[in-house]
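Here is the naming used below: chain letters follow the sequence lines, and residue numbers restart at 1 for every chain.
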Protein chains: 2
Amino acid sequence: MREKLEKYFSFVFEKELLDEIVQVGVYKKLRENEVLVDLGDKMKGVPLLLEGAIKIVREDKKGEEILLYFLERGDTCASSFASAISNGKCGIRAIAEKESEIIFLPKEKLDEWLVKYKSWRNFVIESYNIRLNEMMETIDSLAFMKMNERLYKYLTDKAQIMRETSLNTTHQDIAYDLHTSRVVVSRLLKQLENEGKIKLHRNKIEVLEF
Amino acid sequence: MREKLEKYFSFVFEKELLDEIVQVGVYKKLRENEVLVDLGDKMKGVPLLLEGAIKIVREDKKGEEILLYFLERGDTCASSFASAISNGKCGIRAIAEKESEIIFLPKEKLDEWLVKYKSWRNFVIESYNIRLNEMMETIDSLAFMKMNERLYKYLTDKAQIMRETSLNTTHQDIAYDLHTSRVVVSRLLKQLENEGKIKLHRNKIEVLEF
DNA sequence: TAGCTTATGTGATATTAATCACAAAATAAT
DNA sequence: ATTATTTTGTGATTAATATCACATAAGCTA
């Protein structure tokens, strides 16, 4: 744990803070598709992502979904931070897109560290900032882009996050993430294939251009 | 200034912090439609909103706009907080929807206060939290609602924020905020009027139901 | 009051996306 | 190998929204 923690966080956190994290943090391995946070959960801490990729999804009353953004190593979940500190509920769902490793930080420490460590304050503010910007990007996509553009952005973003140009996914899964229908996704994917940007297989999509 | 500050913030901030704010904060009055923050600005501090209403808008490269959310008294702009602390650029535009009063807090103090005052830490985290939730609401609207619902939500939200059931606005202005066309807004407004939810006048819309 | 400017109303048409209905192919299960 | 299940492909239809092209109305200005 210490090893991986240092790999991604030694330039972010002070040595004393790293020590504390090793002491109180709880290491956890997530298997693919494991739900880390669910709608309405009250968080008892925040996760630091050491390895892997986590998908953050919003769901409305009718059970309709939309992807908000992905987390990758070095990230944390700003939404659960707020939920943990204020004892409020979390408005999102977090699902491991692939096998991932996290360190769970107990909420008792979160405020204490804000006082003690400048690096922690920076990290928290920076995390919120990144998340706000991701949300804005999502809003940009929804407001300004058409479905074919959103789809292509989704595929390239996901390839980046997964560090893999070959994505194992179905058209239906994509439709859930983009909140549209499978038929629409299939047709637009075929279009992208004709434009030479991707290559389609069953349960698999290769992203050719970036 | 002290008076208004105490009115909305005495239950939020510790007395010592209120004292400091009075000392270093810069009071400013904004006239209607004044631009407080513009795209790409580097913030030298953060505004506390004492009175009025401020519209936060996102703009893409092509100059197309969409409303993100409104700020009301007691709020602060989380986006400029991050920008101020990290010396980064602000991705939004903030415009006074009506005459407003703010206190501008210099960025030098922001981090210092995180260490000194628990109430400040709470306020900052809480502000980020509120803003993340507003962004999620915006995403919900864009992803899950049709234009007529978005329009009605816009009108009722705005009436709330402005503390006024009678809104002085044109169809074109609304179209900009919702990122659609004036024609569409006019037609849907007429529909809402027929449903008895609003009453239309030139340059004015009365919201009848909430 | 006549002319100008801004705001609103409305038909016609085009585009995008949603929905239905079913066929065909690939894979998994028995 | 046969059957069942999952995934993908595709035509037809409908609904929502965007766009164009004017008409009308309301308020301002000279």
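- By the 30° and 60° cut-offs, the orientation of the rings of B/Y128 relative to A/Y128 is parallel.
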Exercise for the section: Could you please spell out the steps behind the salt bridge (charged side-chain N to carboxylate O under 4.0 Å, His left out) verdict for A/K158 and A/E97? Expected result: CA-CA 10 Å; A/K158 186 152 175 178; A/E97 273 285 293; 2.6 Å; yes

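- The nucleotide range of DNA chain D contacted by chain B, defined by atoms under 4.0 angstrom from heavy atoms of the protein and reported 5' to 3', is D/dA16 to D/dG27.
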Completion exercise
The contact string for nucleotides 7-13 of chain C, one letter per nucleotide 5' to 3', using protein heavy atoms under 4.0 Å with B, S and - for base, sugar-phosphate only and none, comes out as SBBBBB-

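- Taking the screw axis at each terminus of the helix from C/dT1-D/dA30 to C/dT30-D/dA1 from five consecutive base pairs, the angle between the two is 30° to within rounding of 10 degrees.
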Practice task
May I have the step-by-step check of salt bridge (charged side-chain N to carboxylate O under 4.0 Å, His left out) for A/E6 and A/R2, ending in yes or no?
Solution key: CA-CA 6 Å; A/E6 298 220 326; A/R2 164 132 229 153; 3.2 Å; yes

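- The distance between atom CG of A/N148 and atom C1' of C/dA17, rounded to the nearest whole Å, is 11 Å.
- To the nearest angstrom, P of C/dT15 lies 14 Å from CD of A/Q191.
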Exercise for the section: Assess whether side chain to side chain contact (heavy atoms under 4.5 Å, CB included) is satisfied between A/C77 and A/M43, documenting all intermediate values. Expected result: CA-CA 11 Å; A/C77 179; A/M43 301 301 296; over 6 Å; no

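- Rounded to whole Å, atom C1' of C/dA18 lies 12 Å from atom CG of A/L188.
- A distance of 13.5 Å separates CD in B/Q191 from OH in B/Y152, rounded to the nearest 0.5 Å.
- Here the options are B/K197, B/K190, B/E195, the test is side-chain contact (heavy atoms from CB on, under 4.5 Å), and the partner is B/E193; only B/K190 passes.
- Distance check: B/L189 CG to B/I205 CD1 gives 4.5 Å after rounding to the nearest 0.5 Å.
- Looking at B/L178, B/L142, B/D177 one by one, the single match for side-chain contact (heavy atoms from CB on, under 4.5 Å) with B/I66 turns out to be B/L142.
- Note on ring orientation: taking the six-membered ring where Trp is involved, the planes of B/W120 and B/F81 are tilted (angle from 30° to 60°).
- Taking atom CG of A/N168 as the reference point, atom C1' of C/dT27 lies 15 Å away to the nearest angstrom.
- By the 4.0 Å N-to-carboxylate-O rule, B/K55 lies too far from B/E65 to be salt-bridged with it.
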